[in-house]
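Accompanying notes for the structure given below.
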Amino acid sequence: MKKCATLATLLALTMSVAVTRAASQIPAQNIQTAGLSLQAEKPPHVDAEPSPADRDLERTIKDALGQDPHMAYSRVNVHVDDKAVVLGGVVLT
């Protein structure tokens, strides 16, 4: 489980860097449009009760992103289940 948490944290940090670089290349007017479309998306549908281990991993990823000074004004949502780690939100540069 610790190996999985480390891998997920590395994935989250890699994704935050990629999103930051991509966002810096988008013109300012497109950022506002992209933010509106992200707010309209529904969260993933979950049929089963969330696993405590999945919630712990979500919390670990959110804490790691919260400690990164480059992510201070960003809003990143994390959803973990037995098949995927889903990151969504807005990363400001």
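This structure is a prediction, so every number in the text was calculated from the model and none was measured. Heavy-atom basis, side chains included; hydrogens, waters and symmetry copies ignored. We number each residue from 1, following the sequence as shown.
- Across all non-hydrogen atoms, the minimal contact from D56 to R59 is OD1-NH1, 2.9 Å.
- Proximity of I61 to E58: side-chain heavy atoms (C-beta onward) are nowhere separated by under 4.5 Å.
- Separation of atoms CG (N77) and CG (L65) is listed at 10.5 Å; rounding is to 0.5 Å.
- Residues V86 and V78 have side chains not in contact (no heavy-atom distance under 4.5 Å, counting atoms from C-beta outward).
- How far CG of D82 is from CG of D54: 7.0 Å, rounded to the nearest 0.5 Å.
- When side chains are defined from C-beta on, V76 does not count as touching K62, because their heavy atoms never get closer than 4.5 Å.
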